[in-house]
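Some notes on the structure that comes next.
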Amino acid sequence: SHRVIKAGTEVELAKKEFELLNLLASKPGRVFTRNEIYDKIWGSEVIVGDRTIDVYIRKLREKLGDDFIKTIKGIGYRFEF
């Protein structure tokens, strides 16, 4: 099932939010570049804006807190426990 539980409470995520979180959390500590994220979440056939990832990262941080997803400036994002 596609469920996220934080501190015993289920967190509602949109499909792409869940896919992005799942990707980042699949390899904690690994930095995913913006291009990797675009390819794995939206695919190379879909055209999305330059700020799409930033918007989804912001939404995840609002729902999960700022502690889990780290920005690696100029490279991408990583998930930390």
Straight-line distance of Ile69 CD1 to Leu60 CG, nearest 0.5 Å: 4.5 Å
4.5 Å side-chain heavy-atom contact, Phe79 and Asn22: no
Cluster overlap Leu20 with Val31, hydrophobic side-chain contacts below 4.5 Å: no
Set of residues satisfying salt bridge (Lys or Arg N to Asp or Glu O under 4.0 Å) with respect to Glu12, sequence neighbours excluded: none
side-chain hydrogen bond (donor to acceptor under 3.5 Å, both in side chains): pairs with one or both residues in residues 66-75, sequence neighbours excluded: Arg61-Thr71
Path from Phe81 to Ile72 over hydrophobic side-chain contacts below 4.5 Å: no
Distance in Å, Ile41 CD1 paired with Ile53 CD1, rounded so as to fall on 0.5 Å steps: 8.5 Å
For the student: nearest non-hydrogen atoms of Leu24 and Phe32, plus distance: CD2-CD1, 3.7 Å
Over all atoms of both residues, closest heavy-atom pair of Thr52 and Gly49: OG1-O, 3.0 Å
Residues in salt bridge (Lys or Arg N to Asp or Glu O under 4.0 Å) contact with Asp39, at least two apart in sequence or another chain: none
Results of salt bridge (Lys or Arg N to Asp or Glu O under 4.0 Å) for Lys63 - residues two or more places apart only: Glu17
Pairs where residues 21-32 contributes a residue and the test salt bridge (Lys or Arg N to Asp or Glu O under 4.0 Å) is met, not counting sequence neighbours: Arg30-Glu36
Pairs meeting criterion ring-ring contact (aromatic ring centres under 6.0 Å, His included) with involvement of residues 37-59, two or more places apart: Trp42-Tyr56
Value rounded to 0.5 Å, distance of CD1 in Ile37 from CD1 in Ile57: 5.5 Å
From CA spacing to verdict: salt bridge (Lys or Arg N to Asp or Glu O under 4.0 Å), Lys16, Glu19: CA-CA 5 Å; Lys16 290 295 183 192; Glu19 290 175 5; 3.3 Å; yes
